[in-house]
Structures are given as structure tokens and as C-alpha cells.
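Read through the structure below, which is laid out as C-alpha cells, and then see the notes.
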Amino acid sequence: MKVLVVGNGGREHALAWKLLQSPQVQEVACVPGNGGTATLPRCRNLALSVNDFEGISRFALVNNFSLVVIGPEAPLADGITDYLQEQGIKVFGPTKAGAQIEASKAWAKALMQEAGIPTAASAVFTEAAGAIAYVQAQGAPIVVKADGLAAGKGVTVAQTVAEAIAAIEAVFGGQFGAAGSRVVIEEFMQGQEVSVLAVTDGMTIKPLVPAQDHKQIGEGDTGANTGGMGAYAPTPIVNEALMARIQQEVLEPAIATLKARGIDYRGVLYAGLMITPNGDPKVVEFNCRFGDPETQVVLPLLETPLEQVMLACAQRTLVDLPLEWKPEAAACVVLAAEGYPGSHTKGQTITGIDAAEAKGAVVFHAGTRLKGGTLMTDGGRVLGVTGTGETFEVAIANAYAAVDCIQFEGAYCRRDIGHRVLRQNNV
Ligand code: AMP
Ligand code: GLY
């Protein structure tokens, strides 16, 4: 079969790479892809934009691509799945109605309340005065979120009331466009964050191995928030008993409530969870897609062919498909451009990827492009280097051994990816 992957990040490179490991997948095409998907055997990039639903549909129909996989949230929220399904194309990814679970935090909160899913107490406001009065009454720390999609920049964890008020004013000041027409104010939750990406066909929902990512730019989890500077899986924080609770208290009620609302949700439901100090899982947010860079550590551990999982979701046969996993650990270290997550350089020549892969790691491209046969940086997060091994120590050491083979001017990575898990194992 032939599969089309929509998106251009490290997550999409990992999806294409994993799909191509299956003998059933002859070819993958990426829209628009990156320098990694351009050089992956049996893979090619298409000069189409992720918003060109008609072009994507025409290409899939004319060339007999039997499945389209949507990576990022924006086209899902814009209804790409609805459009392609109307043309008779099988899609992995929820409809526009389902994508609201990520595209509107207020909508997601209402769904959680209706489903009885544990999450932070919250209130929604459509104007600043009410929101400010609320934070003054609640006190700090408190969390202020723009309602809509804000490319990961719409959340402020405010340590003081003044900071919370400034965040409210920024949201209503138009900084986030339509995403800032409402604000969600949330109780601050303490604990460790974990990412549980689950696959669903709208009836059955099955978790992938639990992962953790490092959102902050600086070592020791300090400094500005980023798209994710690294990740690892399976995190031992989520043991079998906790995963059973997450299944029962979060994943199943979410799907049942979506279904009760008439939403046929198929694809990934990603639960961003806080594991509170007393061990309870609480939802921080839901996403309607795979995580990035979590995908780069989860998929290398998956034994079951990925296209089978995706087809089972699209065709509603997931109940019959057991998910098998390699008994290993994986860690991904992100190499970022100088200045990221602020304004950063582009167009630096990248060398050493072959040497890095010769060390046994997989190098996923996030922000790269090929220019006349030369690989150049083309984004803030440039590469994600995934190492695997029998233990986290080995996986992390393998990832860094490969990272050390790669050069581009201004390359930055954190040197402490996985520190929580190493500490936990008393290494
Ligand atoms: P979100 O975009 O909702 O995932 O929020 C971005 C980040 O802000 C999360 O990954 C958390 O680190 C943090 N955050 C969001 N909501 C809360 C909360 N209620 N309590 C503590 N931290 C939060
Ligand atoms: N790694 C966080 C995300 O994908 O949203």
C-alpha cells in the first residue's frame, strides 16, 4: 500500500520512517516533508501545502494512496479529515468536530467535566474584567490559557497575580488572534507531566507506551518553554496500575463522551497528564495528534506494523489488534538552532548524520531542507536523535554518542535528557 503523510516536522519523519519498515508499505509521500523525508528510501516530498486539501485529495486519488495520515493539529482543526473522507479517502486523524478537543481549551474542559475526567478546576471568560476579578479572588500560582491554537505559546503559568493579569491582558490584547477570544483560567497543578498517546477507532482506545518530554530550553528543566527538547519512553512513572487508571478514568470516558456527542473520533488522542504528588492522574490538556518529540521515542519501540494500527483505526477494527512492544527504552535528544525558541538562524550546513546513524541511533529531521544536495538547517528544532537500548542508561548514552557526531553552526542541545529517569534508577 501507499501512504501519504501530512506535515514537515520530526514527528512526520518518524511516521514515514516507521511506516516504511513494514513490508506492506511500498511508498510514502510527504506533504511537504523535510530534508529527512526527501532522502528516506521509497519516500518523496510533494510540493503541496498542508492547507491544500484539494491538491492532497487529487494526488491521493490519482496515485492510489490508500491512507492519509495527518501529523499536525492545524489542518485537523481546519477539517482536512472531513474533506478527504468526503472524497472516499481513508484518513488517520479526527474530524474537525473531534479536533476541538485540542483547538478549544474551553470545549475540552467542558467535555472533561461532562465525562467526569479528573483535571484542574477552571473557569472560562470572554472579557478581561471577569478574568482579572477571578484571579484576584483565587490568588497565585494560577494558569492562564488562550482558548484556541496558539502554537504552544498560549499558556502562562503565573507565579503572581500581577503576572496572571498581564497574561490575561495579552490574550485579550489580540496577540493570539481568534485563539484569544476566550481565556481559560486554571488551578495550578503540581507533579510530573507524562504524555499518553492513545490510538482509537472511535469505539476502542489503546494507549501507546507512556512518554515524558522536556519542554524547557535549559538544563534542569529551566528557562523558556519550547516545542520539546527531548523525550523518553516508556517512562517508569506510569506503571501498569497507573496506566489502568488512565485507561479507565481518562481515555475511555473521553471516547465515550465524544461518541455521545455524535463525534466519530479516529486517530490519536494524546492525553497530557499531571501525575500529582499523591499519584493521581489529572489531565493538563488533550491533543488530537501524535506528540513531537514523543513520537520519535514511542514509534521505535512499536513492534506491530504501524500501517496496521492506522488502518484498524480508520476501519474500526482496533479491538482485534494487539499492540506489541520491544522490551527496550528509547531517548531522543533534540538539536536546535542558535537562538531557539526565540528568533533563530537558518541555512547552516549540517554534517555528520551518516556517522551518527553508524552509531546505531536514528536521526529524525525536524527543521531541515536539501538545497542542491546539501542539507541545511531550516527551523528552530533541527534534528531529533533517538537512541534505544536495554536500559535508559544505554539508550541515552547511544543518543548522545550519535549527537556528538553531528555539526552545524550554533547547534544546541540539552545534555540532561532523561535526568529524571536516571535519578529514579539511582544511576
Ligand atoms: P498546555 O498547552 O495546556 O499543555 O500547557 C503548556 C504547559 O503549561 C504544560 O505542559 C504544563 O507544563 C503547563 N501547565 C498547563 N496547565 C497547567 C496547570 N493547570 N498546572 C500546572 N502546569 C500547567
Ligand atoms: N511534546 C508536546 C506536544 O507535542 O504537544
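Counting convention: from 1, in listed order, for ligands and their atoms alike. For clarity, every value in this text was computed on a predicted model and none was experimentally measured. The figures here come from the full heavy-atom set of this structure, side chains too, leaving out hydrogens, waters and symmetry mates.
Per-residue contacts place F188 under 4.0 angstrom from the following atoms of ligand 1 (heavy atoms of the residue considered): 20 (N), 21 (C). Which parts of ligand 1 touch K105 is read off a 4.0 Å heavy-atom cut-off, strictly below it: atoms 1 (P), 2 (O), 3 (O). Counting atoms of ligand 1 from 1 in the listed order, those under 4.0 Å from a heavy atom of K215 are 10 (O).
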Go through the steps to decide whether R420 and D221 satisfy the test salt bridge (Lys or Arg N to Asp or Glu O under 4.0 Å), and finish with yes or no.
-> CA-CA 10 Å; R420 296 186 209 104; D221 300 311; 3.3 Å; yes
Passes salt bridge (Lys or Arg N to Asp or Glu O under 4.0 Å), K145 versus E285? Steps please.
-> CA-CA 11 Å; K145 301 184 174 185; E285 61 162 354; over 6 Å; no
Given E186 and K105, is the salt bridge (Lys or Arg N to Asp or Glu O under 4.0 Å) satisfied, shown in steps?
-> CA-CA 11 Å; E186 229 177 66; K105 290 181 190 295; over 6 Å; no
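In terms of modelled atom types and a separation under 3.5 Å, the side chain of K206 and the main chain of L318 share a donor-acceptor contact. Checking side-chain atoms of N34 against main-chain N and O of N8 turns up a donor-acceptor pair under 3.5 Å. Judged by distance alone, with hydrogens and angles left aside, the side-chain atoms of E169 form no donor-acceptor pair with the main-chain N or O of A166 at under 3.5 Å.
From L422, atom CG reaches atom CZ of F392 across 8.5 Å, with rounding to the nearest 0.5 Å.
Ring centroid separation for the pair F65 and F59 comes in under the 6.0 Å cut-off.
The nearest heavy-atom contact from the protein to atom 19 (N) of ligand 1 is E186 OE1, 2.7 Å. For atom 1 (P) of ligand 1, the closest non-hydrogen atom on the protein side is E285 OE1, 3.4 Å. Closest to atom 13 (C) of ligand 1 among all protein heavy atoms lies V157 CG2, 3.8 Å. In terms of protein heavy-atom proximity, atom 7 (C) of ligand 1 is nearest to V155 CG1, 4.4 Å. Scanning the protein for heavy atoms near atom 18 (C) of ligand 1, the closest one is V143 CG2, 3.5 Å. Looking at atom 20 (N) of ligand 1, its nearest protein heavy atom turns out to be M189 N, 2.8 Å. Among all protein heavy atoms, the one lying closest to atom 3 (O) of ligand 1 is K145 NZ, 3.1 Å.
A 6.0 Å sphere centred on CD of Q248 holds no more than 12 heavy atoms belonging to other residues, nucleotides or ligands.
With salt bridges taken as basic N to acidic carboxylate O contacts below 4.0 Å, none links K90 and D201. A salt bridge links R266 with D264: the closest approach of a Lys/Arg side-chain nitrogen to an acidic carboxylate oxygen falls below 4.0 angstrom.
Protein residues lining ligand 2, listed by chain and number: D213, G227, Y270, N287, R289, G291, D292, P293, E294 [non-hydrogen atoms, distance under 4.0 Å].
On a distance-only criterion, E193 and ligand 1 share at least one N/O pair closer than 3.5 Å.
Ligand 1 has at least one atom lying under 4.0 Å from a heavy atom of M274.
With Q212 as reference, Q192 is the one residue of Q192, E294, E193 to meet the side chain to side chain donor-acceptor pair (under 3.5 Å) rule.
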